[in-house]
Colleague: 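This structure is in structure tokens; I'll ask about it shortly.
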Amino acid sequence: MKFEAPRGTHDILPSEQPRWRRVTETMEEVCRLYAYRPIQTPAIEDTALIVRSSGEGSDVVQKETYTFEDRGGRSLTLRPEGTAPICRAYLEHGLHREPQPQKLYTIAPMWRYDRPQRGRYREHWQLSVEAIGTADPAVDAEVIRLYADILARLGVPDYVLQLNSIGDAACRPAYLERLQAWLDVHEGELDGEARAKRRTTPLRVFDVKSPRVRDLLRDAPVIGESLCAACRVHFDDLRRYLEAYGVAYELAPTLVRGLDYYTRTTFEFKDEAIGAQDSICGGGRYDGLVEAIGGPPTPGIGFGAGIERLLLSLGDGEASAEPVDVFFVLGEGADRAPVLTAMAALRARGLACDTDYAGRSPKGQLTQAGRLRARSVVVVDAGGARLRRDGREEPISLDRLADTLAR
RNA sequence: GUGGCGGUAGCUCAGUCGGUAGAGCCCCGGGUUGUGGUCCCGGUGGUCGGGGGUUCGAGUCCCCUCCGCCACCCCA
């Protein structure tokens, strides 16, 4: 094979489009019901925006970005996630001076230079939903319920929602100090992985594999017990609102997210049936992000939901393509020209039609009409035209076809 | 980025001990049929992922490489 799609990218063929559309149309409909408005941003962003928002030390920035210099010497990066670009657009176009919150969504491709495997691509599509300009925990509950609605409408049965709060600028630093102090005391009992993690991503020490170290960490201080009063109230309110919304969740005291900008709420929807890459939606609150990229202090919350992974959750259920309304079979000695005229008239009336361009035999053309699930077939030969539908056949004039079928 | 498994027709796969490449499905044609289904017959289709090596001879053995899958890592 001479050329193939670049590693980790994939084509979405016509045969897959019905399933894709069902998913994206459901997403758009649910976003509309929650009064989120569509927005689109460029695929490329200033590298500095991505670095400052995701964080210099994040895995995304450290090893997963597609970064290049353009011909003008600018450093650009293919967006690895949806939140930072939308916040940039929010700021750049003064949406922070319009009524708050701004409730926005986009369905767009993202790029990450990961090692590909099932459910993990270098180019993949995400639904990004963002509510910027309010710290109200009811909005946290809203975006979570919004995604749960999408799953419900699509019929995804087996997923769990994990929920946590990782505090904010007021309480997280103090917590991290307590955690590090505790780790200092137990330094001798840690393994290499735990020691590495406490240096780079201390909140992740709880994820180490060693059962012995995990056991030990059971006595370590957890963020949930160290929240400041404001974060505590926010989290309690969120949980109350989720109950009001009828959303079931489990607390995940060690759920941390990979980007530096998260504060307070973090959550993840998982479907472990789809493999190791089982997170189908991840998000959280990012109250410091807009300010970090040069705007006024502005709270926000949102999530990214991977479309390819959601399709894995949905399984292989077949969805059939749109049928065609009329297929024209050309018999011996038939003139094409009047058929083209008839098709133009039908299309003008909103009827989808097609004919043979492959030189098939009449039998082959009928087979093709069947494949396209044509509702009507018009057989044209030297003797005139016949309309076949509902198992019956009648002579018809091509001139009157549109009038007959459009009724 | 690390480790493991894999790659043969458009798709799913077989291919023995190293001896000149196969099936089913799909597609095209013919027959049957009530001119779209069924059934029967025939046909098109291959850089055996790519490159190098060993050998009289490589789909088969060795090396490199690309791609996929599984796990790690991390996430959507």
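Residue numbers begin at 1 in each chain, while the letters A, B, ... track the order of the sequences. Because the structure is predicted, anything quoted here is derived from the model rather than measured.
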Colleague: What distance, rounded to whole Å, do you find between the two P atoms, one in G57(B) and one in G18(B)?
Modeller: 16 Å
Colleague: Identify whether the distance between the nearest side-chain nitrogen and carboxylate oxygen of Lys270(A) and Glu268(A) falls below 4.0 Å.
Modeller: yes
Colleague: Just by distance, with hydrogens left out, do Tyr286(A) and Glu130(A) show a side-chain donor and acceptor under 3.5 Å apart?
Modeller: yes
Colleague: For Arg145(A), is there an ion pair with Asp149(A) - N to carboxylate O distance below 4.0 angstrom?
Modeller: yes
Colleague: Within the structure provided, determine whether Tyr121(A) and Glu308(A) are in side-chain contact (heavy-atom separation under 4.5 Å).
Modeller: yes
Colleague: I need the minimum non-hydrogen distance between Ala345(A) and Ala402(A), along with the two atoms involved.
Modeller: CB-CB, 4.0 Å
Colleague: Go through the steps to decide whether Leu366(A) and Arg360(A) satisfy the test side chain to side chain contact (heavy atoms under 4.5 Å, CB included), and finish with yes or no.
Modeller: CA-CA 9 Å; Leu366(A) 256 345; Arg360(A) 288 187 184 87; over 6 Å; no
Colleague: Write down the distance between CZ (Phe3(A)) and P (C66(B)), rounded to a whole number of angstrom.
Modeller: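 One finds 17 Å between P of C66(B) and CZ of Phe3(A), rounded.
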Colleague: Provide the distance between the two C1' atoms, one in G45(B) and one in C11(B), to the nearest whole Å.
Modeller: 13 Å
Colleague: Please produce a list of atom pairs where a protein N or O lies less than 3.5 Å from an N or O of nucleotides 30-32 of chain B.
Modeller:
{"unit_1": "G30(B)", "atom_1": "OP2", "unit_2": "Ser361(A)", "atom_2": "OG", "d": "3.2"}
{"unit_1": "G31(B)", "atom_1": "O6", "unit_2": "Lys363(A)", "atom_2": "NZ", "d": "2.9"}
{"unit_1": "U32(B)", "atom_1": "O4", "unit_2": "Lys363(A)", "atom_2": "NZ", "d": "3.1"}

Colleague: Would you kindly give the CG-to-C1' distance between Leu366(A) and C28(B), to the nearest whole Å?
Modeller: 16 Å
Colleague: Between G10(B) and C48(B), how far apart are the two C1' atoms, rounded to whole Å?
Modeller: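 Their C1' atoms lie roughly 16 Å apart.
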Colleague: Find the distance Glu4(A):CD to U65(B):C1' and express it as a whole number of Å.
Modeller: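 Distance, rounded to whole Å: 12 Å.
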Colleague: Distance only, no hydrogens: is a donor on one side chain within 3.5 Å (strictly under) of an acceptor on the other, for Gln102(A) and His96(A)?
Modeller: no
Colleague: Considering only the C1' atoms, how many Å lie between G1(B) and A14(B), rounded to the nearest integer?
Modeller: 37 Å
Colleague: Select from Gly359(A) and Arg389(A) the residue whose nearest nucleotide in RNA chain B is closer to the 5' end of that strand.
Modeller: Gly359(A)
Colleague: Can we say Glu322(A) and Arg373(A) salt-bridge, meaning some charged N sits less than 4.0 Å from an Asp/Glu carboxylate O?
Modeller: no
Colleague: Quick one: Arg7(A) CZ to G1(B) C1', roughly how many Å, whole number?
Modeller: 11 Å
Colleague: Just how far, in rounded Å, is C1' of G10(B) from CG of Leu13(A)?
Modeller: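 In whole Å, G10(B) C1' and Leu13(A) CG are 11 Å from each other.
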Colleague: Need one value for Ala358(A): base, sugar-phosphate or nothing, where a base atom within 4.0 Å counts as base even if backbone is also close, heavy atoms only.
Modeller: nothing
Colleague: Could I get a table of every N or O pair under 3.5 Å where one atom is in the protein and the other is in nucleotides 6-8 of chain B?
Modeller:
none

Colleague: Can you check the distance between U54(B) and C62(B), where both ends of the measurement are the P atom (answer in whole Å)?
Modeller: 15 Å
Colleague: With Tyr159(A), which residues qualify under ring pair (Phe, Tyr, Trp, His ring centres under 6.0 Å), at least two apart?
Modeller: Phe269(A)
Colleague: Can you run through RNA chain B from 5' to 3' and write each base as (, ), [, ], | or . depending on how it pairs? Watson-Crick or G-U wobble, both distances under 3.5 Å.
Modeller: (((((((..((((.....[..)))).(((((.......))))).....(((((..]....))))))))))))....
Colleague: Quantified in whole Å, what is the C1' atom distance between nucleotide C66(B) and nucleotide G30(B)?
Modeller: 44 Å
Colleague: Whole angstroms only, please: what is the OH-P distance between Tyr113(A) and U2(B)?
Modeller: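 That distance rounds to 10 Å.
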Colleague: If you measure from the P atom in C67(B) to the same atom in C61(B), how many Å do you get, rounded?
Modeller: 23 Å
Colleague: With C1' as the reference atom in both, quote the distance from C40(B) to U33(B) in angstrom, rounded to an integer.
Modeller: 12 Å
Colleague: In chain order, what residues pass the side chain to side chain contact (heavy atoms under 4.5 Å, CB included) check against Pro173(A), with sequence neighbours excluded?
Modeller: none
Colleague: Of the non-hydrogen atoms in Gln126(A) and His124(A), which two are nearest, and what is the gap between them?
Modeller: NE2-NE2, 2.9 Å
Colleague: Which nucleotides of nucleotides 70-76 of chain B have their base under 4.0 Å from a protein heavy atom (B), which only their sugar-phosphate (S), and which neither (-), written as one string 5' to 3'?
Modeller: SBBBBBB
Colleague: Between Arg239(A) and Asp140(A) (salt bridge meaning N to carboxylate O under 4.0 Å), is one present in this structure?
Modeller: no
Colleague: Charged N to carboxylate O under 4.0 angstrom, Arg388(A) versus Glu394(A)?
Modeller: no
Colleague: When you measure from the side-chain N and O atoms of Arg371(A) to the phosphate of C28(B), is any distance below 4.0 Å, counting only OP1 and OP2?
Modeller: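 Answer is yes, contact under 4.0 Å.
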Colleague: Tell me whether Arg232(A) is salt-bridged to Asp236(A), with the criterion being a basic N under 4.0 Å from an acidic carboxylate O.
Modeller: yes
Colleague: Whether Asp114(A) and Arg112(A) form a salt bridge (side-chain N of Lys/Arg under 4.0 Å from carboxylate O of Asp/Glu) is what I want to check.
Modeller: no
Colleague: Take the protein atom CD of Gln368(A) and the nucleotide atom C1' of C26(B), then report the distance between them rounded to whole Å.
Modeller: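 These atoms are roughly 13 Å apart.
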